[in-house]
Amino acid sequence: MSARADRVVLDNTFLSTLQAAQALEWVLGLWPCRWIVPLDVIDEAAAWRSHGARVTALLHRLETAGTVEIAAFDPRIEGALFARLSRTLGQGESAVIAIAYHRGYAAALDDRRARRACDDLMPLVPWLSTEGVLSSAVADGLLSRSEAEAIWQATGITDSKRGIN
């Protein structure tokens, strides 16, 4: 990625957005970085009625292939931050940020409150949005602009403030 991150912790919103576009496996396979998926996020994904089983099966297949790492947060180290974040954020987002903060990773999040929580920590937790990852793929020459825009359109996000740069 242009804003180089060797390890990126993935949140449920990021996963669901790319899954909705049927581009999750494709996008995660673009970079040699390590994608981390917390168990809390797997649990959230599994609860989706429409496509939870497909997403969790895909994540386990990507784990076997070495593309993603499924990880638990360490309550001794990351538990206090997790508990604090859980007061205002979901379990998955809290786990993503706690892991990223304590391990020095970036976080892939689409929720504004979660991104603000990353910005409020010291040191800051660098975060990436879905459109940021797609824009980085274009900048790095891994996707054409038209491919990235097609994925973005397929996500169904209609927020006029968001899009491929």
Side-chain angles (χ1 to χ4, degrees), residues 1-21 23-24 27-28 30-45 47-48 55 59 62 67-140 142-143 145 148-149 151-165:
M1 277 170 245
S2 294
R4 274 292 169 214
D6 292 345
R7 298 195 186 270
V8 180
V9 189
L10 305 177
D11 182 46
N12 198 15
T13 55
F14 179 85
L15 293 171
S16 64
T17 298
L18 287 175
Q19 175 62 24
L24 179 59
V27 171
L28 295 183
L30 292 174
W31 288 278
C33 74
R34 186 69 164 191
W35 304 100
I36 316 300
V37 182
L39 286 171
D40 295 89
V41 170
I42 297 281
D43 291 344
E44 285 180 350
W48 298 333
V55 171
L59 291 171
L62 291 172
T67 304
V68 302
E69 175 186 334
I70 297 174
F73 76 92
D74 184 337
R76 295 168 297 145
I77 297 168
E78 299 150 348
L81 179 57
F82 175 84
R84 191 177 92 211
L85 292 167
S86 292
R87 292 182 202 133
T88 56
L89 300 174
Q91 298 286 307
E93 293 156 333
S94 299
V96 166
I97 295 168
I99 289 170
Y101 178 81
H102 283 284
R103 300 181 196 184
Y105 302 162
L109 306 147
D110 280 330
D111 181 86
R112 266 189 213 122
R113 284 184 307 151
R115 295 187 307 215
R116 273 188 243 131
C118 290
D119 292 341
D120 290 342
L121 293 170
M122 280 298 156
L124 301 174
V125 171
W127 56 265
L128 307 157
S129 61
T130 299
E131 65 269 27
V133 168
L134 294 172
S135 294
S136 290
V138 171
D140 290 352
L142 302 170
L143 287 177
R145 183 165 184 77
E149 287 176 352
I151 293 169
W152 180 249
Q153 291 299 318
T155 67
I157 296 173
T158 58
D159 185 339
S160 62
K161 296 176 185 171
R162 296 178 66 183
I164 306 299
N165 294 331

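All values derive from a computational prediction rather than experimental measurement.
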**Student:** Just by modelled atom types, is the Glu149 backbone N or O under 3.5 Å from a matching donor or acceptor in the Gln153 side chain?
**Tutor:**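 Checking the backbone N and O of Glu149 against the side chain of Gln153, no donor-acceptor pair under 3.5 Å is found.
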**Student:** Where is the tightest heavy-atom contact between Gln91 and Asp40, given as atom of each residue plus distance?
**Tutor:**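 Closest approach of Gln91 to Asp40: O-CB, 4.0 Å.
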**Student:** Return yes if some donor-acceptor pair links the side-chain N/O of Glu44 with the main-chain N/O of Gly92 below 3.5 Å, else return no.
**Tutor:**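 Such a contact is found between Glu44 side chain and Gly92 backbone.
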**Student:** Is Trp48 close to Asn12 at the side-chain level, that is, under 4.5 Å between some pair of heavy atoms?
**Tutor:**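 Touching, per the 4.5 Å side-chain cut-off.
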**Student:** Less than 4.5 Å apart, any side-chain heavy atom of Leu30 and any of Asp140?
**Tutor:** no
**Student:** What I'd like to find out is whether the side chain of Leu109 reaches to under 4.5 Å of the side chain of Val9, using heavy atoms alone.
**Tutor:**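 The answer is no, as the side chains (C-beta and beyond) never meet within the 4.5 Å cut-off.
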**Student:** Which atom pair, heavy atoms only, marks the closest approach of Ser135 to Gly163?
**Tutor:**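 Scanning both residues completely, I find the closest heavy atoms to be OG-O, 4.5 Å.
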**Student:** Roughly how far apart are Ile70 CD1 and Leu62 CG, rounded to 0.5 Å?
**Tutor:** 9.0 Å
**Student:** Filter on ring-ring contact (aromatic ring centres under 6.0 Å, His included), then keep only pairs touching residues 96-117, sequence neighbours left out; what's left?
**Tutor:**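 Sorted result for residues 96-117: empty, none.
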**Student:** Who pairs with Phe82 by ring pair (Phe, Tyr, Trp, His ring centres under 6.0 Å), at least two apart in sequence or on another chain?
**Tutor:**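 Only Phe73 meet the ring pair (Phe, Tyr, Trp, His ring centres under 6.0 Å) criterion with Phe82.
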**Student:** Out of curiosity, Asp11 CG to Ser129 OG, how far, rounded to the nearest 0.5 Å?
**Tutor:**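 Between Asp11 CG and Ser129 OG, I get 12.5 Å after rounding to 0.5 Å.
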**Student:** Atom CG in Leu59, atom CG in Leu24: separation rounded to 0.5 Å?
**Tutor:**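 Those atoms lie 6.0 Å apart.
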**Student:** Specify the closest pair of heavy atoms between Ala117 and Leu89, including all atoms of both residues, with the distance to one decimal.
**Tutor:**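 Where Ala117 meets Leu89 most closely, the heavy atoms are CB-CD1, 3.9 Å.
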**Student:** Is there a side-chain contact between Trp31 and Val8, using heavy atoms and a 4.5 Å cut-off?
**Tutor:**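 No, too far: nothing below the 4.5 Å cut-off.
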**Student:** Would you confirm whether Thr13, through its side chain, and Asp110, through its main-chain N or O, come within 3.5 Å as a donor-acceptor pair?
**Tutor:** yes
**Student:** How long is the straight-line distance from CZ of Arg112 back to CZ of Arg162, given to the nearest 0.5 Å?
**Tutor:**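 It is 7.0 Å, given to the nearest 0.5 Å.
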**Student:** Show the nearest heavy-atom pair for residues Val41 and Leu10, with the distance to one decimal.
**Tutor:**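 Here Val41 and Leu10 meet closest at CG2-O, 3.6 Å.
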**Student:** Tell me the closest heavy-atom pair linking Arg103 and Ala71, and the distance in Å.
**Tutor:**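 Arg103 and Ala71 have their closest heavy atoms at NH1-CB, 4.2 Å.
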**Student:** Return the OG1 to CH2 distance between Thr67 and Trp35, rounded to the nearest 0.5 Å.
**Tutor:** 10.5 Å
**Student:** Between OG1 of Thr88 and CD of Glu93, what distance do you get to the nearest 0.5 Å?
**Tutor:**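 It is 9.0 Å, given to the nearest 0.5 Å.
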**Student:** Minimum heavy-atom separation for Ile97 to Cys118, with atom names?
**Tutor:**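 That closest heavy-atom pairing would be CG1-SG, 3.7 Å.
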